[in-house]
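Since the model is a prediction, treat every value here as computed from it, not as a measurement. In what follows, every chain begins at residue 1, and chains take the letters A, B, ... in the order their sequences are listed.
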Protein chains: 2
Amino acid sequence: MHPQLLNNISNYIKLTPEEKSLFETFWTEKKLEKGDYLLRNGEVCRTDNFVIYGTLKAFYINPIKGKEEILYFAIDDWWATDMESFQKQSPSIYNIQAIEDTKLLQIHFNSFQEMLNRIPKLERFFRIILENYLGSLQRRIILNNVYNAEQRYFDFLETYPKIAEKVPQYLIASYLGVSPEFISRIRKK
Amino acid sequence: MHPQLLNNISNYIKLTPEEKSLFETFWTEKKLEKGDYLLRNGEVCRTDNFVIYGTLKAFYINPIKGKEEILYFAIDDWWATDMESFQKQSPSIYNIQAIEDTKLLQIHFNSFQEMLNRIPKLERFFRIILENYLGSLQRRIILNNVYNAEQRYFDFLETYPKIAEKVPQYLIASYLGVSPEFISRIRKK
DNA sequence: TAGGTTTATTGAACTAGATCAATTTTTTTG
DNA sequence: CAAAAAAATTGATCTAGTTCAATAAACCTA
């Protein structure tokens, strides 16, 4: 298995060599081509997905205007999973799609449960992941209320420089809840 | 100990009578009067707080305008904790304050860790709590982008009728990222 | 129950950002 | 490398929601 996920985990918890080998048995690699869907609105998110390389977008289809609204991007070392749908095994309200060729590590829901039973230390890791994500969502809600479009755009560039590099401007606009034209005008300055 | 938290937990996991008594030893009750702060921006959130009754607001002070921006409300059976600050024992970026007389169940960070070690089943409960909160934050980000102020206001009334009843309109406006005057105009119709 | 404080309403003027439509630039692909 | 497709820019017009200031209700509290 690609070592990237274990490297990532080792930032938070220490696993024994035995635990590491056991851990690896639960995961499989998967490649997505640009445009491939990992999850569609209405489906249950059956796997937890860790990005080795590539970029994905999670988006919600606005039922009123038919436009897509970006919920988040996932790049190397991030997760591309509807955690709510995965944990409850209930239908997802959004879509996840590769916006460039992407490689993932995947684990199915049942394997995930078994893995946690066999390696209870991992509970801690996954709680930390959830908490980090939660913190970033809270921060985002605050920024959305406090800052105007320009400030949010520059904050995005600072906070996620790698994403800004990879992802087209009009998707960043959608993530920020701003029209692409307005982002263009901000940049003109 | 007030049975409300154990009742709440029993919706998600089953504890033995022994586990329940052990559980109770970790928690203490605390009363807050209207206006009391539970947490101030810059402090570490040292306790996890479950609301037995009352209402609190979590808010961020907008450094530009000096205004407060509501992040969330907590009422009976909810948690009033900066989970990020609590789990990392790092300074919080926001404030939590009682907006009416409130009673809490509290557990300190170290006790929380010990409790999880002694009753590992609880890991599951707290993960579910995190996931639920996460789902509601995601939903909120989507709604903010997709719906206009009027739709968001009516969605709030539907989703959180009990909060809408208890909390003044201008705080709901802030939660929704809208001016209080505009909420008033929406209601006029 | 009056007086103070907090909350809500209303009107008028203003603006951040949206929308629409056309054009240009960049990227992709056969 | 040419043509097509995708992404970005620009200008003109429009509007959802803000701001400010004044007034009116509602609600504490002594």
Q: So, using side chain to side chain contact (heavy atoms under 4.5 Å, CB included) as the criterion, who are the partners of B:Q87 when residues are at least two apart?
A: A:R127, A:E131, B:F109, B:F112, B:Q113
Q: For residues 170-179 of chain B, pull every pair meeting side-chain hydrogen bond (donor to acceptor under 3.5 Å, both in side chains), keeping only residues two or more places apart or in separate chains.
A: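 Residue pairs with at least one partner in residues 170-179 of chain B: there are none.
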Q: Using five base pairs at each end, measure the axis-to-axis angle across the helix from C:dG4-D:dC27 to C:dG30-D:dC1 and round it to 10 degrees.
A: 60°
Q: So, does B:Q89 use its side chain to make a donor-acceptor pair with the main chain of B:C45 at under 3.5 Å?
A: yes
Q: Are B:K166 and B:D76 close enough for a salt bridge, meaning some N to O gap below 4.0 Å?
A: yes
Q: Would you list the atom pairs, donor with acceptor, under 3.5 Å between side chains in residues 28-37 of chain B and any protein atom, with sequence neighbours excluded?
A:
| residue | atom | partner | partner atom | Å |
| --- | --- | --- | --- | --- |
| B:E29 | OE1 | B:K103 | NZ | 3.1 |
| B:E29 | OE2 | B:H2 | N | 3.2 |
| B:D36 | OD2 | B:E33 | N | 2.8 |

Q: Between which nucleotides of DNA chain C, 5' to 3', does chain B make heavy-atom contacts below 4.0 Å?
A: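 Listing 5' to 3', DNA chain C meets chain B from C:dT7 to C:dA12.
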Q: Using a 4.0 Å heavy-atom cut-off to protein, can you give one letter per nucleotide of nucleotides 4-14 of chain D, 5' to 3': B if the base is in contact, S if only the sugar-phosphate is, - if neither?
A: ---SSBBBB--
Q: Salt bridge (charged side-chain N to carboxylate O under 4.0 Å, His left out): which pairs involve residues 178-189 of chain A, sequence neighbours left out?
A: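 Output for this query lists A:E150-A:K189.
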Q: Considering residues at least two apart in sequence or located in another chain, which fulfil the side chain to side chain contact (heavy atoms under 4.5 Å, CB included) criterion with A:E43?
A: A:L39, A:R40
Q: With sequence neighbours left out, what residues match B:F26 under ring-ring contact (aromatic ring centres under 6.0 Å, His included)?
A: none
Q: For B:I129, enumerate each residue passing the side chain to side chain contact (heavy atoms under 4.5 Å, CB included) test, keeping only those at least two apart in sequence or located in another chain.
A: B:W79, B:M83, B:F125
Q: Name all residues meeting the side chain to side chain contact (heavy atoms under 4.5 Å, CB included) criterion together with A:N41; count only those two or more places apart in sequence or in a different chain, and write none if there are none.
A: A:N95
Q: Of all of residues 138-156 of chain A, which get a heavy atom below 4.0 angstrom from DNA chain C, listed by number?
A: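 Within this stretch, A:N148, A:A149 sit under 4.0 Å of the strand.
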Q: Are B:E84 and A:R139 close enough for a salt bridge, meaning some N to O gap below 4.0 Å?
A: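 Between A:R139 and B:E84 there is no salt bridge, as every charged N stays at least 4.0 Å from the carboxylate O atoms.
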Q: Could you tell me which non-hydrogen atom of A:L116 sits nearest to which non-hydrogen atom of A:F126, and how far apart they are?
A: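 The answer is CD2-CD1, 4.0 Å.
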